[in-house]
Amino acid sequence: MDRVYVFDTTLRDGEQSPGATMNLDEKIRMARQLETLGVDIIEAGFPIASQGDFEAVQAIAAAVEKPQIAGLCRAVVGDIDRCWEAIKDARHPRIHTFLATSEIHMKHKLGKTADEVIAMIEKAVSHARQYTDNVEFSAEDASRSDWDFLVKVAETAIDAGACVVNIPDTVGYTQPFEYYELIKYLKDNVRNIDKAIISVHCHNDLGSAVANSLAAVRAGARQVECTVLGIGERAGNAALEDLVMALNTRKELYDVETGINTEQIFPSCRRLSQIIGMPIPPNKAIVGANAFAHESGVHQDGVLKNRLTYEIMTPASIGRTSNDIVIGKHSGSHAVRKKAEELGYSLDEDQVKVLFKAVKDLADKKEQVFDEDVEALILESVYRRKD
Ligand code: KIV
Ligand code: ZN
């Protein structure tokens with residue numbers, strides 16, 4: 001089975017998310033958690049951006065052992081030198097250099113012609129290769145670039161020594177079937193593609209970041225760039241937890257494996273949420289409070305008989321300890337009995353009937369019935385009645 005490398009950019013693109021700034025200590029704590037999670041590459045920051053970023057990248061490089069440590073830099077000599085300075089003591093350093101390749105970026109942002117951009121890529125990658133053979137090149141705004149120009153960009157980067165060519169959907173504009181076709185086109189047309197790994201980096205402006213990344217893997221991409229909880233510029237990046245669990249759960253479609261220890265997914269998301277002070281939305285896929293909660297009576301009944309009726313993965317597989325049954329007005333008597341058992345009360349048929357009625361009465365007045373409410377109802381309605 002092919003390996004898909006997980007490139008985590010929580011500490012670089014993720015930190016560019018409004019409200020997600022982390023101090024040095026927090027970045028190191030998060031980097032250690034990412035190491036435990038099993039990511040292959042940690043993008044630790046953008047060293048030229050500020051002295052603080054430079055020092056954070058240096059500190060992360062010293063703090064973790066197994067993952068490769070990438071530093072981001074524009075495709076100019078000064079940026080690359082500064083990046084190398086920050087990552088050079090990492091056990092496995094990677095220089096990640098980027099340049100825009102779309103017409104709109106080349107003309108309006110860079111003020112460069114296509115030929116000048118090709119020359120800059122050649123020079124930047126060759127310069128980075130003087131420091132290390134682990135060089136990634138990113139064609140910023142690749143998904144809005146001319147496909148044949150992208151072929152030339154990729155060939156230039158690979159000839160100059162890049163071992164990873166990243167094809168970002170920088171503005172989250174592409175749709176999954178288009179992205180699939182683009183990656184396939186590159187695989188079929190880039191002359192020297194066997195010497196490099198194709199990587200993807202998707203933003204979530206149209207809510208398609210995870211779907212796009214999965215489509216790209218299906219087309220042959222073997223590195224995915226993502227962030228924990230999908231934090232990142234604007235609407236964010238592809239969420240690591242969604243991507244990894246989709247690849248794992250639908251192995252028959254993707255036929256790839258990652259090095260992620262999935263039982264560390266929930267602890268990693270919780271760690272990030274605590275550090276940046278951003279709660280995990282209850283309906284967040286994989287790790288939201290409701291992701292494994294079953295409120296309707298029909299669903300609860302099914303899950304109690306056989307979890308597979310309504311669950312496509314187990315809470316334990318992502319490191320969640322319990323399968324929360326939420327009691328509400330749609331709950332059935334089986335779930336109410338189970339909840340009572342979870343709380344330590346073994347009720348007979350008549351007692352369950354009494355409790356079930358009491359729960360329904362309360363649920364009509366209250367949106368969610370908490371464990372404490374159920375316990376109070378057991379004590380008040382069931383036992384007092386019996387006494
Ligand atoms: O979104 C993007 O294009 C980026 C690159 C620097 C990889 O973040
Ligand atoms: Zn990005």
Side-chain angles (χ1 to χ4, degrees), residues 5-18 20-21 39-50 53 57 68-76 79-80 82-83 86-87 94-106 108-110 117 120-121 124-125 128 134-145 149-150 153-154 157 162-174 179 182-183 186 196-210 212-213 216 221-240 243:
Y5 296 95
V6 175
F7 177 114
D8 181 277
T9 182
T10 305
L11 297 170
R12 199 278 297 170
D13 223 344
E15 213 222 357
Q16 290 174 215
S17 176
T21 310
V39 306
D40 298 289
I41 302 111
I42 294 176
E43 185 161 60
F46 194 176
I48 196 87
S50 69
D53 241 42
V57 175
Q68 299 175 39
I69 300 298
L72 184 68
C73 46
R74 289 168 298 186
V76 291
D79 269 37
I80 295 167
R82 188 81 175 140
C83 175
I87 60 170
R94 173 181 291 189
I95 295 177
H96 178 194
T97 185
F98 73 99
L99 188 62
T101 55
S102 64
E103 193 62 39
I104 187 165
H105 276 234
M106 291 192 294
H108 297 285
K109 189 180 82 172
L110 302 175
V117 162
M120 283 178 78
I121 294 169
V125 175
N134 191 358
V135 176
E136 169 172 342
F137 174 74
S138 280
E140 192 189 12
D141 206 19
S143 54
R144 291 194 300 170
S145 305
F149 182 56
L150 263 189
V153 163
C163 59
V164 179
V165 176
N166 187 32
I167 307 297
D169 186 28
T170 302
V171 291
Y173 177 74
T174 312
Y179 211 44
L182 171 58
I183 300 304
L186 295 175
I197 288 175
I198 297 186
S199 165
V200 289
H201 173 115
C202 298
H203 279 271
N204 209 27
D205 300 66
L206 292 175
S208 306
V210 171
N212 281 338
S213 309
R222 289 295 176 260
Q223 176 178 286
V224 285
E225 302 196 356
C226 49
T227 61
V228 173
L229 292 175
I231 64 167
E233 280 275 353
R234 307 181 308 280
N237 293 52
L240 179 149
L243 258 175

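Start at 1 and go down the list; that is how both ligands and their atoms are numbered.
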Only one of R12, E43, E225 clears side chain to side chain donor-acceptor pair (under 3.5 Å) with H96; which? E43
Number the atoms of ligand 1 from 1 as they appear, then name those within less than 4.0 Å of a heavy atom of P168, with their elements. 3 (O)
Is the backbone of Y173 close enough, under 3.5 Å, to the side chain of D169 for a donor and an acceptor to pair up by distance? yes
Atoms named by residue and atom, protein N, O or S, within reach of the Zn ion (ligand 2) (under 2.8 Å): D13 OD2, H201 NE2, H203 NE2
Heteroatom proximity flag, E225 to ligand 1, N/O under 3.5 Å: no
Please report which non-hydrogen protein atom sits nearest to atom 7 (C) of ligand 1, along with the residue it belongs to and the distance in Å to one decimal place. S138 OG, 3.7 Å
Check whether any N or O atom of T170, backbone or side chain, sits under 3.5 Å from an N or O atom of ligand 1, and answer yes or no. yes
Contact atoms of ligand 1, heavy-atom distance to H203 under 4.0 Å: 1 (O)
Does the side chain of T174 pick up a donor-acceptor pair with the side chain of N212 at under 3.5 Å? no
Give the numbers and elements of all ligand 1 atoms closer than 4.0 Å to a heavy atom of D13. 8 (O)
Any side-chain heavy-atom pair of Q68 and Y5 under 4.5 Å: no
Would you tell me whether N237 and T227 have side-chain atoms, one donor and one acceptor, within less than 3.5 Å of each other? no
Where the closest heavy atom to atom 6 (C) of ligand 1 is concerned, which of E140, H201, R12 has it? R12
Nearest 0.5 Å please: distance from the CD1 atom of I87 over to the SG atom of C73. 7.5 Å
Spell out, as yes or no, whether a donor-acceptor pair under 3.5 Å connects the side chain of T10 to the backbone of V228. yes
Would you kindly say whether T170 and D141 are connected by a side-chain donor-acceptor distance under 3.5 Å? no
Tell me whether S145 contacts the main-chain N or O of S102 through its side chain, where contact means a donor paired with an acceptor under 3.5 Å. yes
